[in-house]
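Take a look at the structure set out below.
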Amino acid sequence: MSNREIADIFENLYDILSADEKSKFEALAYEKAARSIGSMSVDVSDIYSMEGISGLMKIPGVGRGIASHIIEYLKTGKIQKYEEIKDKYPIDFQNLFKIEGFGPKKAIILYSKLGVKNLNDLKKAAENHRIRDIPGFGEKSENLILKNISMLNSLGGRILLYDGLTEGKKIVKYLKNSDLIKQCMIAGSTRRMRETIGDIDILATSSDNKSVMDLFTEFPDVKSVVVKGDTKTTVLLNIGITCDLRVIDDHSFGAAMQYFTGNKDHNIKLRKISIDNNYKLSEYGLFYNDKNIAYDRDEKFIYNKLNMDYIPPEMREDRGEIELALQHRIPELIELNDIKGDLHVHTVESDGLNTTAEMIEAAINKNYIYIAVTNHTKSLKVANGMSDGRFMEYFDKIDEIGKKYKIKILKGAEVDILKDGSLDLEDETLKRIDCVVASVHTGMNMPEEDMTDRIINAIKTNKINILGHPTGRLINERPPYNTDINKISEYCEKYKTAMEINASPERLDLNDENILKTSKYNIYYSIDTDSHNIYGYDFMELGVGTARRGWLTKNRVINTMDLNNLIKFLKK
DNA sequence: GCCGTTTTCGGCCCGACTGTTTTCAGTCG
């Protein structure tokens, strides 16, 4: 019984109810509840068993009515209201909505007139030209439906942050190259550093919108143009997601950045606060008596005018940051510049692609003052894991190489945590290591209790400094191990073991939610790139972004320390 | 259906784009 199932039901109720003007606002209520429940880390069944209906009613957007639906679902596995409405409209809304420009009203009209229930029905109806004669539709919308159905196949869903960020930067650079454009920046979920990106939002200012839109649609990575207007143009990119470009007047740039960065819930709350303060907030400015007081001002001005601290983009998810800002308690988040080194790096000795010297020189180019070289240990054969003997020889080599450089090379290893929680190196070897990263790489499907014990046993050896990629998930590929993250946090606190925020694009592990959860404990974090070549160091931006999404300050992150303090920490 | 320092009723973010209209409805973010 998961929050997801309940959120999906409410999401479907929203889809169906919002087609009817009379139940528009009731629909919105279900949507809000769905978003709340879908994003909660605590299980609603736990809330109900501990606090009953009043506990459920504390969830934002959940009142007595929706709370009763939740209880009904927990008890019977069904919600009567949903079952009835589903019988009336047996429509596969979720898939139909993947068609650009297709929403609840059109879905219900085509169901009642033509019996269209799903994508297949829709395609057949369009192919047989039965849609063009329905009032409100025409030849163009029929053709668009066919075009968009075929386009669906080339859409890849959400892509990794790194891929979105790379493409976004490329587009910004391309646009900025033209003298048509004054300011240009990435907005949306990419700017908020969400771990996956559904589309790229870019904002530009210009006095010649039309030419900018032409330039944009001529960008080489554009596969097709979805919509093209004077202020907004959407294109489909070759990488399988869409990109929105909004062009606005230069004087509105601050307000527009605020608006287009989102997220939606954050903005809705901000607009309500604006109204309470007799302002009106839009992408064009902050208006008081129809006068734009945010003319030529930045985002910070807008937040401050609303009596709030400035909220960094990565925090804008409506997870309590607005309330915190109103109390002027927004923390000073860690920044990329605070990072003084990387404590999880591989070389050719195990499965890296660059030599130790190459990795050291690339770290110097990043202005780091230390790195830890952490190759795999023997049981990880697929990664050319090193035996104790090879480590000892390698450490002699590092002592030798280290003399040549100003940067401090810490002797390290990414030690496998074996099934019983013991470490994959002899004590003699471990004693010589400055920085021990310990990670699970095998037997990932253990039951929760066993996996939790396994990791805790490793921490209790008191020989590890950093718990590597603590949940083991791979974005869009592999779920996290079954663990009790709270229990693990308790032991990390007790044994001064830092939790890793692994910055490689497909990991981002811990993720933002787990950082928010675990940072209640008095524990430290290490933001590492897990680089396997010299380019891997660039992933640090993603790790810091993830840490900022988890509201972390610099003093919680060990690789912001100077060398002396870091060594003190590593020695426990 | 939810919500409340304008609190138990009357609101519920706001503007752009498109297609089908002839002034607007539906959709999107």
Side-chain angles (χ1 to χ4, degrees), chain A residues 10 13-15 17-37 56-70 79 81-82 93 96-110 131-145 147-148 187-189 192 198-203 209 213 225-234 242-248 252 255-256 258-287 318 326:
Chain A
F10 291 155
L13 276 171
Y14 160 69
D15 293 337
L17 291 172
S18 56
D20 187 349
E21 202 58 32
K22 289 198 296 281
S23 49
K24 196 168 86 179
F25 291 112
E26 183 184 348
L28 275 174
Y30 280 109
E31 196 218 7
K32 194 171 178 220
R35 278 212 305 268
S36 262
I37 293 164
L56 293 175
M57 285 171 69
K58 282 184 204 151
I59 301 168
V62 175
R64 188 163 296 278
I66 289 183
S68 314
H69 288 325
I70 296 174
I79 295 172
K81 182 186 172 102
Y82 177 56
F93 288 101
L96 285 172
F97 290 174
K98 288 180 185 164
I99 306 287
E100 178 82 24
F102 207 83
K105 301 210 175 164
K106 287 184 182 173
I108 285 182
I109 290 172
L110 290 189
I131 290 175
R132 57 181 66 185
D133 297 330
I134 309 286
F137 294 81
E139 208 176 318
K140 272 197 177 173
S141 37
E142 192 177 84
N143 288 332
L144 200 68
I145 285 171
K147 188 184 150 203
N148 286 340
S189 53
R192 300 200 312 276
D199 71 337
I200 301 174
D201 288 295
I202 293 180
L203 191 64
N209 293 26
M213 293 311 187
V225 178
V226 182
V227 290
K228 192 174 176 185
D230 282 348
T231 68
K232 181 192 160 186
T233 291
T234 303
T242 58
C243 176
D244 283 355
L245 175 69
R246 329 266 181 152
V247 182
I248 41 112
S252 293
Q258 195 292 312
Y259 179 70
F260 292 120
T261 297
N263 75 4
K264 193 176 168 181
D265 295 337
H266 177 94
N267 281 354
I268 289 174
K269 267 200 182 161
L270 217 60
R271 287 191 174 198
K272 282 182 181 157
I273 291 171
S274 305
I275 293 167
D276 292 344
N277 287 285
N278 293 321
Y279 294 116
K280 191 191 73 157
L281 178 64
S282 77
E283 53 267 55
Y284 298 108
L286 184 65
F287 295 89
D318 190 24
L326 285 167

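Every chain is numbered from 1 and lettered A, B, ... according to where its sequence line falls, protein lines coming before strand lines.
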- Item | nucleotides 6-12 of chain B: protein proximity per nucleotide (B base, S sugar-phosphate only, - neither; heavy atom, under 4.0 Å) | ------B
- Message: Given B:dG15, B:dG19, B:dC13, identify the nucleotide with an atom nearest to the side chain of A:R271.
- Response: B:dC13
- Task: Kindly indicate whether the side chain of A:S18, heavy atoms from C-beta on, has any atom under 4.5 Å from the side chain of A:K105.
- Result: no
- In whole Å, what separates the P atom of B:dT6 from that of B:dG1? 28 Å
Sub-3.5 Å pairs of nitrogen or oxygen atoms, protein against nucleotides 27-29 of chain B:
from, atom 1, to, atom 2, distance (Å)
B:dT27, OP1, A:G103, N, 2.9
B:dT27, OP1, A:G103, O, 3.0
B:dT27, OP1, A:K105, N, 3.4
B:dT27, OP1, A:K106, N, 2.9
B:dT27, OP2, A:K105, N, 3.2
B:dC28, OP1, A:G101, N, 3.2
B:dG29, N2, A:Y259, OH, 2.7

- Task: Check for a donor-acceptor pair, side chain of A:N277 on one end and backbone N or O of A:Y279 on the other, with a separation under 3.5 Å.
- Result: no
- Would a 4.5 Å heavy-atom cut-off, applied to side chains only, mark A:Q258 and A:N267 as touching? yes
- Item | Euclidean distance for C1', B:dT7 against B:dC2 (whole angstrom) | 13 Å
- Euclidean distance for C1', B:dC12 against B:dG19 (whole angstrom): 28 Å
- Query: Can you find a heavy atom in the side chain of A:N148 that is under 4.5 Å from one in the side chain of A:F102?
  - Reply: no
- Just by modelled atom types, is the A:M57 backbone N or O under 3.5 Å from a matching donor or acceptor in the A:R64 side chain? no
- Measure from NZ on A:K24 to P on B:dC13 and round the result to the nearest Å. 10 Å
- May I ask you to evaluate whether A:K280 reaches the phosphate of B:dG15, defined as a side-chain N or O under 4.0 Å from OP1 or OP2? yes
- Task: Could you tell me whether the phosphate oxygens of B:dC2, OP1 or OP2, come under 4.0 Å of any side-chain nitrogen or oxygen in A:Y14?
- Result: no
- Query: If you measure from the C1' atom in B:dG29 to the same atom in B:dT23, how many Å do you get, rounded?
  - Reply: 25 Å
- Measure the distance from NZ on A:K58 to P on B:dC2 and round it to the nearest whole Å. 17 Å
- Item | 5'-most by nearest nucleotide on DNA chain B - A:G229 or A:P135 | A:G229
- side-chain hydrogen bond (donor to acceptor under 3.5 Å, both in side chains) against A:K24, all qualifying residues, sequence neighbours excluded: A:E21
- Are any of A:S23's side-chain N or O atoms less than 4.0 Å away from OP1 or OP2 of B:dG1? no
- Determine the interatomic distance between P on B:dT21 and the same-named atom on B:dC14; round to the nearest Å. 30 Å
- With both distances under 3.5 Å as the test, what is the Watson-Crick or G-U wobble partner of B:dT8? none
- Message: Output the rounded distance in Å from CG (A:D318) to P (B:dC13).
- Response: 13 Å
- Item | Whole-angstrom distance between B:dC17 and B:dG10, as gauged at atom C1' | 31 Å
- note: A:K269, atom NZ; B:dC2, atom P; distance rounded to Å ~ 17 Å
- How long is the line joining CG of A:L286 and C1' of B:dC14, in whole Å? 14 Å
- Nucleotide of B:dT20, B:dG1, B:dC17 approaching A:D230 most closely (side-chain heavy atoms): B:dC17
- Query: Whole Å only: how far is the CG atom of A:N148 from the P atom of B:dT18?
  - Reply: 13 Å
- Task: For the residue pair A:L110 and A:F137, establish whether any side-chain heavy-atom pair is separated by less than 4.5 Å.
- Result: yes
- Task: Could you check how far NE2 of A:H266 sits from C1' of B:dC14, rounded to whole Å?
- Result: 16 Å
- Message: Work out how far the C1' atom of B:dT5 is from that of B:dC13, and round it to whole angstrom.
- Response: 22 Å
- How close or far is atom P of B:dG26 from atom CZ of A:F93, stated in whole angstroms? 14 Å
- Between A:Y284 and A:K32, which has a closest nucleotide on DNA chain B that is more 5'? A:K32
- Message: Students often get this wrong, so: under 4.0 angstrom with heavy atoms, is A:K228 touching a base, only sugar-phosphate, or nothing?
- Response: sugar-phosphate
- Under a 4.5 Å cut-off applied to non-hydrogen side-chain atoms, are A:D199 and A:T234 in contact? no
- Using a 4.0 Å heavy-atom cut-off across all strands, classify A:E31 as base, sugar-phosphate, or nothing. nothing
- Do you know which two heavy atoms are closest between A:A34 and A:F10, and how far apart they sit? CB-CB, 3.8 Å
- Query: Which listed nucleotide (B:dA16, B:dG19, B:dG1) is nearest to the side chain of A:K140?
  - Reply: B:dG19
- Message: Please give the distance between the C1' atoms of B:dT8 and B:dC3 as a whole number of Å.
- Response: 10 Å
- Query: Taking side chain as C-beta onward, heavy atoms only, is A:D230 less than 4.5 Å from A:M213?
  - Reply: no
- Message: Closer than 4.0 angstrom, basic N to acidic O: yes or no for A:E142 and A:K106?
- Response: no
